[in-house]
Student: 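I'd like to ask you about the structure that follows.
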Amino acid sequence: MRRTRVLEALHSAQATDAILVKGWVRTRRDAKGLSFLEINDGSCLKNLQVVVDAATPAAAALDTITTGAAVTIEGALVASPGKSQQWEVHAGALRLLGGADPDTYPLQKKRHTDEFLRTIAHLRPRTNKYGALFRIRSETAFAVHQFFRQRGFHHLHAPIITGSDCEGAGEMFRVTTLPFLPPAERPDVADDFFGKEANLTVSGQLEAELFACALGNVYTFGPTFRAENSNTPRHAAEFWMIEPEMAFADLEDDMDLGEDLVKSLVTHVLAECAADLELFARFVDPDLMANLRAVAEESYARMSYSEAIAILQRSGKSFQFPVAYGVDLQTEHERYLTEEYCKKPVMVHDYPREIKSFYMRLNGDGQTVAAMDLLVPRIGELIGGSQREERLEVLERRLDEFGLRPEAYWWYLDIRRFGAVPHAGFGLGFERFLMMVTGVTNIRDVIPFPRTPKHLEF
RNA sequence: UCCCCGGUAGCUCAGCAGGUAGAGCGGUUGGCUGUUAACCAAUUGGUCGCUGGUUCGAGUCCGGCCCGGGGAGCCA
């Protein structure tokens with residue numbers, strides 16, 4: 001007999017006298033002559049209630065069935081007289097697949113703290129909250145591909161190991177096969193696997209630019225790595241980024257795409273993950289649904305960096321970091337702009353050239369670059385992007401200003417030599433997006449097995 | 001990396017002014033009932049993060065270290 005998933009059983013159109021269900025026991029309630037098992041198989045948030053009559057052969061296995069055990073049930077799907085479910089299964093046969101010793105099984109039916117569940121990350125997807133969360137993560141990843149595919153973008157698999165030490169996006173993880181030795185005895189990098197220094201990528205942007213200047217519109221969606229010793233609820237050493245790059249596009253197009261992407265993803269999750277999302281609205285963030293609808297429907301505010309500075313200066317707020325033209329926006333400034341002033345997502349664009357990266361396109365004023373950040377309430381910076389500098393001479397001058405060696409960028413500069421076109425793109429932190437969508441406040445709780453400083457279990 | 005807060009039973013915590021540990025939940029056993037985070041009763045359960053010190057005596061006071069959380073920096 002084919003296994004019926006719990007999701008399918010719960011949405012059955014009619015009763016069936018033969019059904020096969022497999023899953024894990026979430027809880028068991030005994031009555032006189034009857035036992036009620038709640039079965040979950042990960043297909044959805046809800047459990048399937050299985051009724052075991054003490055008079056049937058199925059009851060023989062009951063004394064091995066505890067919370068966490070894996071079981072097989074054959075029986076009949078019938079309308080439930082109970083109030084909490086439409087359907088239930090009357091077990092004809094019940095078999096234990098894998099037991100779970102109740103003395104040592106760490107998940108109780110009561111709620112656990114996120115901090116505790118992090119220490120048992122291999123078991124936390126068996127809880128309602130984390131099951132829901134990782135189903136939403138999966139569905140969102142699908143929605144990312146769907147969004148770009150519908151708009152004619154090609155998916156680029158950017159390299160994970162990179163030989164460029166040049167992106168300036170933060171400390172990198174070294175990749176090597178050389179033995180671990182004291183500095184004096186360390187072999188030359190020429191003898192290393194690649195014959196040169198190799199690192200894990202911090203961004204697929206540069207590679208995406210190369211491909212955008214061939215395939216038109218591309219995007220990468222993959223893991224990135226930062227060896228920063230930053231211990232906050234918003235940073236991880238390994239995280240996933242979505243990085244679209246468009247040829248024949250300017251900053252305006254870039255902001256439009258960013259806004260479309262965020263709206264489209266939120267709309268998708270609202271439609272496809274309603275039941276899972278409801279859990280977060282109920283137990284994690286009561287304002288979640290209203291906030292998500294606003295993010296999906298309202299148009300985002302847009303303002304230049306200089307407008308943002310003026311707004312902050314007029315705010316009458318006393319900030320810990322003083323506001324002045326030329327300083328980068330601090331967390332407190334970003335929060336004021338998006339949470340108090342705009343009360344919705346806001347795109348801040350055209351930043352002073354000194355506080356942004358070398359590859360961002362210099363504006364006509366000679367002072368600002370065509371950069372943009374999307375700030376959202378509670379999360380802060382969700383997207384960072386720019387129109388790229390496509391003019392060879394300007395880019396070479398910028399490299400020089402940043403003290404970077406043009407030889408290391410010969411291939412990046414080549415794209416400006418041969419058929420250069422205006423192009424633009426951005427990076428969206430996938431986990432930050434998931435935090436926004438679920439209301440979860442710690443990045444470690446939206447990553448299956450998070451990697452943070454001093455933390456590499458599982 | 002810096003600044004705060006914390007580490008006591010499997011989990012969540014209490015332990016007041018130093019006198020060698022408690023509750024709820026969970027687990028177990030029994031009872032009861034088509035049960036719904038079931039209910040009632042009994043019961044089980046601890047190198048009080050590690051390490052030095054002060055003291056007749058340290059979960060409690062002091063130093064160092066480790067780990068966790070929050071905030072900041074950096075960023076996505």
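Per chain, numbering begins at 1; letters A, B, ... match sequence-line order. Keep in mind it's a predicted model, so treat the numbers as computed, not measured.
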Student: Mind checking His455(A) for me? I need base, sugar-phosphate or nothing, with any heavy atom below 4.0 Å counting as a touch.
Tutor: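 Sugar-phosphate only.
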
Student: Roughly how many Å is it from CD in Gln320(A) to P in C2(B), rounded to a whole number?
Tutor: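 After rounding, the gap between these two atoms is 17 Å.
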
Student: When you measure from the side-chain N and O atoms of Arg234(A) to the phosphate of A72(B), is any distance below 4.0 Å, counting only OP1 and OP2?
Tutor: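 So the side chain of Arg234(A) is within the cut-off, an N or O lying under 4.0 Å from OP1 or OP2 of A72(B).
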
Student: Just to confirm, is there a sub-4.0 Å distance from OP1 or OP2 of A38(B) to any side-chain nitrogen or oxygen of Thr27(A)?
Tutor: yes

Student: Check whether any side-chain nitrogen or oxygen of Arg29(A) sits under 4.0 Å from OP1 or OP2 of A38(B), and answer yes or no.
Tutor: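 True: Arg29(A) side-chain N/O within range (under 4.0 Å) of A38(B) OP1/OP2.
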
Student: RNA chain B: Pro102(A) or Thr441(A), which has the more 5' nearest nucleotide?
Tutor: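 The residue closer to the strand's 5' end, by nearest nucleotide, is Pro102(A).
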
Student: For C75(B), does the base pair up with any side-chain atom of His235(A) as donor and acceptor (N or O, under 3.5 Å, distance only)?
Tutor: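 For His235(A), whose side chain was compared with the base of C75(B), there is a donor-acceptor pair (under 3.5 Å).
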
Student: Please check the phosphate of U35(B) (OP1 and OP2 only) for any side-chain N or O of Gln85(A) closer than 4.0 Å.
Tutor: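 No, Gln85(A) has no side-chain N/O under 4.0 Å of OP1/OP2 on U35(B).
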
Student: Do any side-chain nitrogens or oxygens of Thr113(A) fall under 4.0 Å of OP1 or OP2 in U12(B)?
Tutor: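 Yes, within the criterion.
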
Student: Can you find a donor-acceptor pair, distance only, under 3.5 Å between Gln108(A) side chain and G10(B) base?
Tutor: yes

Student: Reckon Leu382(A) touches a base, only the sugar-phosphate, or nothing at all at heavy-atom distances under 4.0 Å?
Tutor: sugar-phosphate

Student: Given U35(B), is OP1 or OP2 found less than 4.0 Å from the side-chain N or O atoms of Gln49(A)?
Tutor: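 Result: no.
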
Student: May I ask you to say what Glu238(A) touches in the nucleic acid, namely base, sugar-phosphate or nothing, with a heavy-atom cut-off under 4.0 Å?
Tutor: nothing

Student: Once hydrogens and angles are ignored, does a donor-acceptor distance under 3.5 Å link the base of G34(B) to the side chain of Glu88(A)?
Tutor: yes

Student: Does Asn442(A) have a side-chain nitrogen or oxygen under 4.0 Å from the phosphate oxygens OP1 or OP2 of G70(B)?
Tutor: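 It does, given that an N or O in the side chain of Asn442(A) lies less than 4.0 Å from OP1 or OP2 of G70(B).
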
